[in-house]
Engineer: 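Sharing a structure here in structure tokens format.
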2 protein chains.
Amino acid sequence: MPRSHSHHSHSHAEDAEPFTLDGLAELLRSKGLRMTGNRRAILQALLKAKKPLGLEEIQTEAVRQSKGGEPPDFATVFRMMALLEELKIARKVNLGRASSYFELVDSRHHRDHLVCTDCGTVTPLEGNCPVESLERQIARKHGYTQVTHSLEFFGLCGDCSTDAAS
Amino acid sequence: MPRSHSHHSHSHAEDAEPFTLDGLAELLRSKGLRMTGNRRAILQALLKAKKPLGLEEIQTEAVRQSKGGEPPDFATVFRMMALLEELKIARKVNLGRASSYFELVDSRHHRDHLVCTDCGTVTPLEGNCPVESLERQIARKHGYTQVTHSLEFFGLCGDCSTDAAS
DNA sequence: ACGGTTATGGCAAATGATTTGCAATTGTGA
DNA sequence: TCACAATTGCAAATCATTTGCCATAACCGT
């Protein structure tokens with residue numbers, strides 16, 4: 001695991017560092033955006049997350065990450081996530097719930113999930129995504145560009161299956 | 001209009017008739033539910049749809065299908081769709097928009113879609129779904145039951161690609 | 001066909017989630 | 001440090017979904 005040696009990176013957005021706090025900070029600055037305490041905290045929360053987070057969870061985790069202080073306002077988190085989506089740094093994940101959940105987009109991160117529709121448990125799926133390779137084919141066949149995908153499996157986890165049976 | 005011919009009133013949801021209006025009517029009745037003009041119109045709209053429909057679209061199409069009369073109330077469409085979801089006759093499709101879209105669930109229907117994130121065009125994908133066969137594997141590996149999936153591709157269609165380039 | 005029972009539908013109001021306006025604050029480059 | 005513009009918190013607006021209530025209409029048995 002390479003340690004982050006943050007001091008002098010000069011990368012462009014395209015060949016940016018992998019998703020480290022410093023890499024992201026640099027990316028934002030290169031767009032004329034500012035790196036604030038709120039944003040740092042939010043990014044740290046997202047970097048640490050093992051599953052997609054809702055806005056409230058981001059708030060909560062952000063304050064934990066930055067160890068203390070006021071949690072960022074709901075609107076602030078909202079605007080930050082809109083921004084990250086715009087920049088393709090984060091994306092919304094469909095968990096079949098009313099509110100939105102987000103995760104960072106990184107080729108090294110898994111993008112597909114297994115969701116228990118009863119208790120809500122979310123499990124990121126390991127291994128190579130079976131669909132990623134289709135993006136290119138679909139793009140060609142339908143004349144699309146910038147094709148991405150969203151794949152989620154829904155079902156009942158072991159516990160909820162037995163509960164349901166009784 | 002042929003009278004409905006109930007030869008297998010013992011049928012479970014699983015071995016029900018293919019999705020025809022009569023088949024669905026029968027299914028509803030077997031659950032103690034009633035087949036009304038509204039419901040008939042909504043079901044016809046869904047049966048005819050070539051892509052997932054939003055609640056307003058269902059309203060609009062329903063009145064067209066039943067050729068005239070008042071469109072069903074929004075709440076009525078909403079409750080009907082909740083009911084159809086409950087019965088696994090319909091499902092919500094994630095089109096990356098704020099509001100919900102629905103389509104009937106039928107093994108002969110395609111379930112995966114290609115969505116242009118700019119103009120909103122929705123294209124159902126033909127051919128065998130590459131993921132369906134994984135449901136069983138995932139169920140086994142993670143101890144889940146009743147596993148289904150939701151797969152959508154997002155991108156820019158040809159027209160929107162060229163627009164974006166300019 | 002009739003009438004009683006009960007699911008359904010329309011209306012409007014409640015809820016929930018997301019989005020925006022604006023003034024005060026704070027990061028950044030010069 | 002200063003000036004400028006981006007950012008933030010707060011509250012209010014918007015948008016989508018969901019529910020309560022009572023009048024209506026579907027269905028069953030007669």
Side-chain angles (χ1 to χ4, degrees), chain A residues 21-22 24-43 45 52-60 62-63 66 69-87 90-102 120, chain B residues 3-4 6 9 21-22 24-43 45 52-60 62-63 66 69-87 90-102 120:
Chain A
L21 190 54
D22 291 338
L24 290 170
E26 177 113 1
L27 177 55
L28 291 186
R29 246 183 259 113
S30 78
K31 301 274 182 185
L33 302 170
R34 295 172 182 176
M35 178 54 52
T36 66
N38 274 338
R39 290 186 170 173
R40 208 183 324 278
I42 291 172
L43 288 172
L53 300 180
L55 292 185
E56 322 232 313
E57 292 173 302
I58 295 176
Q59 246 182 344
T60 309
V63 69
S66 63
E70 294 303 302
D73 191 82
F74 200 83
T76 300
V77 180
F78 170 79
R79 282 188 274 230
M80 177 62 164
M81 295 318 298
L83 186 61
L84 293 178
E85 263 194 292
E86 196 65 31
L87 298 176
R91 71 174 190 114
K92 261 189 198 138
V93 178
N94 164 29
L95 297 186
R97 301 191 211 163
S99 53
S100 295
Y101 290 76
F102 298 88
Chain B
R3 187 153 4 153
S4 91
S6 46
S9 50
L21 191 55
D22 290 340
L24 291 171
E26 177 115 358
L27 178 54
L28 291 187
R29 249 185 255 112
S30 78
K31 302 274 181 184
L33 302 170
R34 294 172 184 176
M35 177 54 52
T36 67
N38 274 337
R39 291 188 169 171
R40 207 183 324 277
I42 290 172
L43 288 173
L53 300 180
L55 292 184
E56 323 233 313
E57 292 172 302
I58 295 176
Q59 247 183 343
T60 309
V63 70
S66 64
E70 294 304 300
D73 192 83
F74 198 84
T76 300
V77 179
F78 170 80
R79 282 187 274 232
M80 177 63 164
M81 295 317 299
L83 185 60
L84 293 179
E85 262 194 293
E86 195 65 32
L87 297 177
R91 71 176 190 113
K92 260 189 199 136
V93 178
N94 164 29
L95 297 186
R97 302 191 210 161
S99 53
S100 296
Y101 290 76
F102 299 87

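Given the structure is predicted, the values throughout are model-derived calculations rather than measurements. The chains referred to below are lettered A, B, ... by the order of the sequence lines, with proteins before strands, and numbering in each begins at 1.
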Engineer: Kindly point out which of D:dG9, D:dA6, D:dA25 is positioned nearest to the side chain of A:Pro72?
Structural biologist: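 Of the options given, the side chain of A:Pro72 lies nearest D:dG9.
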
Engineer: Rounded to the nearest Å, what distance is computed from the CZ atom of residue A:Phe78 to the C1' atom of nucleotide D:dA13?
Structural biologist: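 A:Phe78 atom CZ is separated from D:dA13 atom C1' by 13 Å.
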
Engineer: How close or far is atom P of D:dT7 from atom CD of A:Glu70, stated in whole angstroms?
Structural biologist: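 Rounded to whole Å, this separation is 21 Å.
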
Engineer: In whole Å, what is the span from the CE atom of B:Met81 to the P atom of C:dT8?
Structural biologist: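 From B:Met81 CE to C:dT8 P: 15 Å.
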
Engineer: In whole angstrom, what separates A:Met80's CE from C:dT18's P?
Structural biologist: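 It works out to 18 Å between those atoms.
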
Engineer: Does B:Ser100 put a side-chain nitrogen or oxygen below 4.0 Å from OP1 or OP2 of D:dT17?
Structural biologist: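 Answer is yes, contact under 4.0 Å.
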
Engineer: With no angle test and no hydrogens, is the base of C:dT8 tied to the side chain of B:Arg79 by a donor-acceptor pair under 3.5 Å?
Structural biologist: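 Answer is no: no donor-acceptor pair is held.
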
Engineer: Tell me the closest heavy-atom pair linking B:Pro52 and B:Leu95, and the distance in Å.
Structural biologist: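 Heavy atoms of B:Pro52 and B:Leu95 come nearest at CB-CD1, 4.5 Å.
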
Engineer: Please give, in whole Å, the distance from D:dG9 C1' to A:Phe74 CZ?
Structural biologist: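 Roughly 14 Å, once rounded to whole Å.
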
Engineer: Return the nearest nucleotide to the side chain of B:Arg29; candidates are D:dC27, D:dT17, C:dT18.
Structural biologist: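 Looking only at heavy atoms from C-beta outward on B:Arg29, the closest nucleotide is D:dC27.
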
Engineer: Of all the choices, D:dT17, D:dA11, C:dA7, which nucleotide is nearest to the side chain of A:Ala75 once you look at every atom?
Structural biologist: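 Nucleotide nearest to A:Ala75's side chain: D:dA11.
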
Engineer: Expressed in angstrom and rounded to an integer, what is the separation of B:Asp73 atom CG from C:dG9 atom P?
Structural biologist: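 In whole Å, C:dG9 P lies 10 Å from B:Asp73 CG.
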
Engineer: To the nearest Å, how far apart are B:Arg39 CZ and C:dG10 P?
Structural biologist: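 Roughly 11 Å, once rounded to whole Å.
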
Engineer: Take A:Leu83 and A:Ala98, find for each the nucleotide of DNA chain D with the closest heavy atom, and name the residue whose nucleotide sits nearer the 5' end.
Structural biologist: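 The residue mapped nearer the 5' terminus is A:Leu83.
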
Engineer: B:Arg39 side chain to B:Met80 main-chain N or O, any donor-acceptor pair under 3.5 Å?
Structural biologist: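 A pair under 3.5 Å: no.
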
Engineer: Whether A:Thr36 contacts D:dT8 is assessed here as follows: a side-chain N or O lying under 4.0 Å from the phosphate OP1 or OP2. Is that the case?
Structural biologist: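 It does, given that an N or O in the side chain of A:Thr36 lies less than 4.0 Å from OP1 or OP2 of D:dT8.
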
Engineer: Between D:dT7 atom C1' and A:Leu28 atom CG, what is the distance in whole Å?
Structural biologist: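 The distance from CG of A:Leu28 to C1' of D:dT7 comes to 12 Å, rounded to the nearest Å.
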
Engineer: Going from CD on B:Glu56 to CD1 on B:Ile58, what distance comes out if it is rounded to the nearest 0.5 angstrom?
Structural biologist: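 Between atom CD of B:Glu56 and atom CD1 of B:Ile58 there are 10.5 Å.
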
Engineer: Quick one: CG on A:Leu28 to CG on A:Leu87, what's the gap to the nearest 0.5 Å?
Structural biologist: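 Interatomic distance, A:Leu28 CG to A:Leu87 CG, rounded to 0.5 Å: 6.5 Å.
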
Engineer: Given that A:Gly37 and B:Leu55 both sit by DNA chain D, which one's nearest nucleotide is further toward the 5' end?
Structural biologist: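 Its nucleotide being nearer the 5' end, the pick is A:Gly37.
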
Engineer: Do any side-chain nitrogens or oxygens of B:Asn38 fall under 4.0 Å of OP1 or OP2 in C:dG10?
Structural biologist: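 Indeed, a polar side-chain atom of B:Asn38 lies that close.
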
Engineer: Could you pull out the closest heavy-atom pair between A:Val77 and A:Pro72, with the gap in Å?
Structural biologist: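 Residues A:Val77 and A:Pro72, closest heavy atoms: CG2-CG, 4.0 Å.
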
